[in-house]
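Reviewing the structure listed below.
In each ligand, atom 1 is the first atom listed, and ligand 1 is the first ligand listed.
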Amino acid sequence: MLKDKKILLGITGGIAAYKAVDLASKLTKMGAEVKTIMTAHACEFVSPITFKSITHQPVITTMFDIDADIEHISLADWADMLVIAPATANIIGKTASGIADDLLSTTIMATTAPVLFVPAMNIHMYKNPIVQENINKLSELNYYFMEPEFGILACGYEGKGRYPKNEEIIFNIITLLKYKKDLFGRNVLVTAGASREEIDPMRFITNYSTGKMGLALARAAHIRGAKVTFVHSYVQVKIPEYFNSIESISAKEMHNVVLEEFSKSDITFMTAAVADYTPVKSSKQKIKKSDNMNLELKRTKDILKELGEKKSTDQILVGFAAESENLTENALKKFEKKNLDFICANNISVTGDDDTEILILGNGAEIKLNGSKFSVAHQILDIVLKK
Ligand code: CTP
């Protein structure tokens, strides 16, 4: 997938530098050409020979290496993308201030390729308003940032500061190489997952939705620069730490959260499989069995319909329809009834776990999309952004 892509890896001086060895290895195995720049502090943590042995490409540690026939301008021009992993507060601060005093900072300054920073540091450093201000400034200037993960840090603290998983970084690299930051500055609200309607403390009514399509949309929007709010019921996927995610398990909870969040949202994707019915009464105690049991259900509120009634002219509202027959006809009915800008309809017998086929209607278009859920998510965004 990364065949012939030229990736310039910048390693700065943090304990997570050793984790970037595996990143370099994975990228190389995926076919990328990986050259590495290491700062002087990075060399204190990992030997340049390690990166050289893994990438079989030059590893440059100084601006003034007399034998090196490579210098910052040619490296900056060579790269399809720069990935700074781990990125210390120092390299972020230097870039934000326009300082170019070593090979890495000079190359960052000289490149026109996308630059992805992967910050990893002590929780207090990461939260320091100076660091946050630098990240905001650079984000506005079209530098890309991953958010660190939450966990136990090398310094002994627990918090947000851990180097993210290399698979996550690679995922960001692939998408950044492919897509532009065309959602920068937009707030995107995505709902996902299967609601659970409680019958008693042990039992609930739910459906088969995994939350994968919603998560794919949220990730696609995030990588294209959007500020994503992910409101989810039960999902069978791991939600990245860097999302602003809000759990709302029942239809009622989701109704409350979504209505609260909606006014801030520029584009809303109601991907969640919200229950249409909920028990009239949920028992506080576990219900004991009897021969037969009747469960009385009542309708839940239709969140999407309410959003359709509330939306302003500059908000875009996208609904989803899972159908087993008459796909276009049923989708069109929902599209009109709920005052949507777009509806994405899928045939439940065709949709797989990771792949999907979707018919998107709206803005005068009727387009069939298929592929992995992530690829379809990007195709949906492409269409929605044309509105
Ligand atoms: N939806 C909602 N609130 C509900 C139920 C569904 O917001 N209480 C949203 C879903 O998130 C989805 C769309 O509405 O975007 C689905 O429309 P809906 O008419 O509910 O579809 P189905 O539940 O499939 O309806 P039907 O059983 O009538 O086909």
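Note that OG1 of T268 and CG of N187 are 9.5 Å apart. Values are rounded to the nearest 0.5 Å. For the atom pair NZ of K29 and CD1 of I170, the computed distance is 10.0 Å after rounding to the nearest 0.5 Å. In this structure, OG1 in T61 is found 8.0 Å from CE in M38, a value given to the nearest 0.5 Å.
Heavy atoms of D276 found under 4.0 angstrom from ligand 1 belong exclusively to the side chain.
Of the N or O atoms in A273, none lie within a sub-3.5 Å distance of an N or O in ligand 1. Between K301 and ligand 1, a contact under 3.5 Å exists for at least one N or O pair. For a threshold of 3.5 Å applied to N or O pairs, the pair formed by M270 and ligand 1 contains at least one separation below that value. For the pair V274 and ligand 1, the shortest N or O to N or O distance does not fall below 3.5 Å. Looking at K338 next to ligand 1, an N or O pair under 3.5 Å apart turns up.
A side-chain contact (heavy atoms from CB on, under 4.5 Å) with L9 is found for one member of I37, I84, V83 and no other, namely V83. Exactly one of K5, M81, M30 qualifies for a side-chain contact (heavy atoms from CB on, under 4.5 Å) with I173. That residue is M81.
Per-residue contacts place A275 under 4.0 angstrom from the following atoms of ligand 1 (heavy atoms of the residue considered): 8 (N). Residue T300 has at least one heavy-atom neighbour below 4.0 Å for each of these atoms of ligand 1: 8 (N).
Summary of contacts: the protein heavy atom closest to atom 12 (C) of ligand 1 is F320 O, 3.1 Å. In this structure, atom 7 (O) of ligand 1 lies nearest to the protein heavy atom L304 N, 2.7 Å. Annotation: atom 11 (O) of ligand 1 to nearest protein heavy atom, A272 O, 2.7 Å. Of all protein heavy atoms, the one lying nearest to atom 3 (N) of ligand 1 is I303 N, 3.1 Å. Residue, atom and distance of the protein heavy atom nearest to atom 25 (O) of ligand 1 are K334 NZ, 3.5 Å.
When the heavy atoms of D302, T191, I343 are ranked by distance to atom 2 (C) of ligand 1, first place goes to D302.
Residues F45 and H41 place their aromatic rings such that the two centres sit no closer than 6.0 Å.
Residue-ligand proximity: E306 is placed with every non-hydrogen atom at 4.0 Å or more from ligand 1.
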Problem set entry | Worked verdict on K212 versus T356 for side chain to side chain contact (heavy atoms under 4.5 Å, CB included) | CA-CA 10 Å; K212 284 188 178 173; T356 190; over 6 Å; no
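Ring planes of H232 and F230: parallel class, angle under 30° (limits at 30 and 60°).
No hydrogens or angles considered: a donor-acceptor pair under 3.5 Å links the side chains of D102 and S105.
With salt bridges taken as basic N to acidic carboxylate O contacts below 4.0 Å, none links D302 and K334.
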